[in-house]
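What follows is a single structure, written as structure tokens, with notes after it.
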Amino acid sequence: MTEAKTLIRGARVLGGEERDVLVEGGVIAAVGTALDAGDARVVEAAGQVLLPGLVDLHTHLREPGREDSETVLTGTRAAASGGFTAVHAMANTFPVADTAGVVEQVWRLGRESGYCDVQPVGAVTVGLEGAKLAELGAMHESAAGVRVFSDDGKCVDDAVIMRRALEYVKAFDGVIAQHAQEPRLTEGAQMNEGAVSAELGLTGWPAVAEESIIARDVLLAAHVGSRVHICHLSTAGSVDIVRWAKSKGWDVTAEVTPHHLLLTDELVRSYDPVYKVNPPLRTEEDVLALREALADGTIDCVATDHAPHPQEDKDCEWGAAAMGMVGLETALSVVQHTMVDTGLLDWAGVADRMSHRPAAIGRLEGHGRPVAVGEPANLTLVDPAHRQPVDPTAFASRSRNTPYRGRELPGRVTHTFLRGRATLVDGELA
């Protein structure tokens, strides 16, 4: 279902000059100045930035199995609130999304929700156990058309299994998205290994545990001629390895989360479990390296790693708390704060890193397209001048585990359009 006609008047397309954008029949019908509104519904957008609908390569929707944390409906409502028109739903559900039946269930729930497109991510191994390849081909051939496979939450640490997965997905141009964490180096890890962990007496998660897996996997991908994507890259050393792999012409891509662009392990001194996440918050040096790498294109995209948890899983002592943060509704604001307002990226760069590239990596048709005549009207309108403290009680997500509670962040998504149909209007879900 699409709305008949909408005229977005006076928006700065990709942060450039003000333009009118006419949406009709689910596509962009005209882009220009002083367009005739006719019988179209008019959205006055002076001073606002118009972007292609955002695409998230890394979302945890929790359904099936953990509906107390999130459902496909609540998660996609959160996505629309954050300006997203498509999300990739990770496989660590209960049951695990390691069969055609489960990925089709998630895909159909996404279609029923109507707030954004949901593209399921299939598990690499059966039950995320790392021992036997899952039904990669069957998941790709299913109605869900899976192209991205990940055991996220766990690392595919067996090199032979990883090689076989990379070889298998070549047949249909798939990609393996790796959670880079050497398990033996991170047993019992609670936070980044460094000066702060030593002072606090918490078991450290060393940077080399991430970097060693990335180094192995870019070499494996090059060896078999396949695609590998690095999930939630978090260290300066990881940036160096990915930059080197790309210099060799290998098909390697990487993502960074908003929280790794802003927050550091110094926050763990509070012992507030809201800051407990995997991979952990790193050092200021790492944060700056990640920002530079996102700016120069070494890191391809921003992905939220939206990880909702019920209150009881976070409102407890640090050691017992679950790892993860919600991120869909604050992602664009954090990117504006860390990348746009600092001059590292312009809005066209944001469109590239949060829409064009993630859609291309996921081979997601109809998303990440230019704001141009004839293109699908998947669009996001943001007011960059807006400033407001983050209020988790206003979230559409079922969970509230945000590290930004009370922090003032810039920017506010005012409208989101999915194939021309408004899913968010004046900041309120349609």
Side-chain angles (χ1 to χ4, degrees), residues 8 11-19 21 28 31 45 47-59 79-88 116 232-233 253-262 287-288 290-306 327-362 364 367-372 375-388 390 404 409-418 424 427:
I8 303 169
R12 296 167 53 214
V13 177
L14 305 191
E17 295 182 358
E18 290 190 353
R19 291 286 184 268
V21 177
I28 298 172
V31 178
Q48 298 192 51
V49 173
L50 186 65
L51 301 171
L54 307 183
V55 176
D56 191 14
L57 267 175
H58 195 141
T59 304
S81 297
F84 290 89
T85 53
V87 299
H88 290 72
C116 77
H232 43 49
L233 183 150
T253 55
E255 70 190 31
V256 65
T257 71
H259 48 271
H260 286 113
L261 290 172
L262 179 58
V287 167
L288 296 177
L290 295 173
R291 292 184 188 183
E292 290 175 9
L294 183 63
D296 69 23
T298 299
I299 296 175
D300 296 83
C301 62
V302 175
T304 70
D305 194 9
H306 175 80
L328 286 168
E329 293 170 80
T330 52
L332 189 57
S333 288
V334 175
V335 170
Q336 180 184 334
H337 178 60
T338 58
M339 301 299 297
V340 179
D341 292 354
T342 57
L344 289 169
L345 279 183
D346 58 13
W347 285 105
V350 173
D352 180 67
R353 307 305 196 273
M354 296 189 75
S355 183
H356 301 316
R357 289 209 208 184
I361 292 165
L364 201 57
H367 292 274
R369 302 293 304 160
V371 180
E375 295 288 356
N378 296 316
L379 301 166
T380 297
L381 198 58
V382 59
D383 176 6
H386 186 85
R387 296 288 188 280
Q388 183 175 316
V390 174
Y404 310 116
L409 289 175
R412 171 178 177 257
V413 177
T414 63
H415 292 74
T416 308
F417 297 91
L418 179 64
L424 188 76

Give the minimum heavy-atom separation between [X] and [Y], together with the two atoms involved.
X	Y	answer
Leu381	Ala45	CD2-CB, 3.7 Å
Trp347	Leu51	O-CD2, 3.7 Å
Gln336	Gly411	OE1-CA, 3.3 Å
Leu332	Val350	CD1-CG1, 3.8 Å
Gly427	Arg412	CA-NH2, 3.5 Å

Is there a side-chain contact between [X] and [Y] (heavy atoms, below 4.5 Å)?
X	Y	value
Leu57	Cys301	yes
Thr304	Thr257	no
Val302	Pro258	yes

Working to the nearest 0.5 Å, report the span between [atom1] of [X] and [atom2] of [Y].
X	Y	atom1	atom2	value
Leu328	Thr59	CG	OG1	5.0 Å
His337	Arg387	NE2	CZ	9.0 Å
His232	Asp305	NE2	CG	5.0 Å
Ser333	Leu262	OG	CG	11.0 Å
Leu379	Ile28	CG	CD1	4.5 Å
Thr330	Tyr404	OG1	OH	5.5 Å

So, [X] side chain and [Y] main chain: donor-acceptor pair closer than 3.5 Å or not?
X	Y	value
Asn378	Leu418	no
His306	Gly327	yes
Thr380	Thr416	no
Ser355	Asp352	no

Query - Among Thr298, Leu294, Val287, side chain to side chain contact (heavy atoms under 4.5 Å, CB included) partner for Val256 - result: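 Going through Thr298, Leu294, Val287 one by one, the side chain to side chain contact (heavy atoms under 4.5 Å, CB included) with Val256 is satisfied by Leu294 alone.
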Requested in this report: Could you check Glu375, His356, Met354 and say which one makes a side chain to side chain contact (heavy atoms under 4.5 Å, CB included) with Pro52?
Outcome: His356
Report task. Could you walk me through whether Leu424 and Ser81 pass the side-chain contact (heavy atoms from CB on, under 4.5 Å) test, one step at a time? Result -> CA-CA 6 Å; Leu424 188 76; Ser81 297; 4.2 Å; yes
Query - side-chain contact (heavy atoms from CB on, under 4.5 Å) between Ile8 and Gln48, worked out - result: CA-CA 10 Å; Ile8 303 169; Gln48 298 192 51; over 6 Å; no
Report task. Would you sort out whether Arg291 and Met339 count as a side-chain contact (heavy atoms from CB on, under 4.5 Å), showing the intermediate values? Result -> CA-CA 7 Å; Arg291 292 184 188 183; Met339 301 299 297; 3.9 Å; yes
